[in-house]
Amino acid sequence: QFKDSLRRLHVTWVDFATSSIQYPHLTTLYIDDCQFAQLEFIYRSFPNLRSLSLWMGQEGDLLEEEEIEGHRESNIRSQARGRWESLTHIQSSILSLYMLGVQCKVQNLDLQSSYLETEGGRKLSIILSDLSPSSLQLRLSVPEFDTSKLGEFLMPLKKTLASLYLHINIHGESYVDLRPTLVSNLPASRSHLR
């Protein structure tokens, strides 16, 4: 009964499945604890989405790499049948967004993850290539992470990034200067770094 009026929706523990019902006016969607979200069904239900926050709730689970990659590939293939043109903002974790496999340009990307290790850095780099945001907010806890790799992981944004906000908690370190690795890998002339 809300399909013609709903503009914002916040759902938890939902399973998106095939549905012929569309919510054409819905522009903001927050999904929490949506295990193995299937992008095709979300897109079909909310084709005019502008802001998506999605948390698959699997950050702490020990998923097999084949399971992660299989889910991502399925979501990427489904976008041949339709993808968002209107999406401008995404908020998610690295693993959730990697598995969702969204393949469209967005203006603002807000990534929050509990831990970033080398494999997570590879996934981060792929996400940045997929979405090419001009504004990136990155909130991470990094246990024993080689900070020189951060610039390498952000390399896909070298030509598009205009604003970067980093909040990085590096365990065991009182202060780490990330500027040298970032300056050499990002377009300093037009970037705003906090």
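Side chains are part of it too, since the values below use all heavy atoms of this structure and drop only hydrogens, waters and symmetry mates.
- Using a cut-off of 4.0 Å between Lys/Arg side-chain N and Asp/Glu carboxylate O, Lys158 and Glu152 are scored as not salt-bridged.
- Shown here for Asp4 and His25, the closest heavy-atom pair between the two residues is O-CD2, 3.1 Å.
- Other residues, nucleotides and ligands contribute only 12 or fewer heavy atoms inside 6.0 Å of the NZ atom of Lys3.
- When each of Leu52, Ile126, Leu131, Leu54 is tested with Leu97 by the rule side-chain contact (heavy atoms from CB on, under 4.5 Å), just one qualifies, namely Leu131.
- The backbone N or O of Phe16 sits nowhere less than 3.5 Å from a side-chain atom of Gln38 that would complete a donor-acceptor pair.
- The existence of a salt bridge linking Asp130 and Arg72 is confirmed by a sub-4.0 Å separation between a basic side-chain nitrogen and an acidic carboxylate oxygen.
- Judged by the 6.0 Å distance and 45° axis criteria, Arg83 is not positioned over the aromatic ring of Tyr43.
- In this structure, Arg50 places its CZ atom where only 12 or fewer heavy-atom neighbours from other residues, nucleotides or ligands lie under 6.0 Å away.
- Of all the heavy atoms in Leu9 and Phe46, the pair that sits closest is CD2-CZ, 3.9 Å.
- Nearest heavy atom pair, residue Pro133 against residue Leu157, reads CD-CD2, 3.5 Å.
- Residue pairs that meet the salt bridge (Lys or Arg N to Asp or Glu O under 4.0 Å) test with at least one member in residues 6-17, sequence neighbours left out, do not exist here.
- Aromatic ring pairs are classed by plane angle as parallel below 30°, tilted from 30° to 60° and perpendicular above 60°; the pair His71 and Phe36 is perpendicular.
- Partners of Ser135 according to the side chain to side chain contact (heavy atoms under 4.5 Å, CB included) rule, which considers only residues two or more places apart in sequence or in another chain, are Asn108, Ser163.
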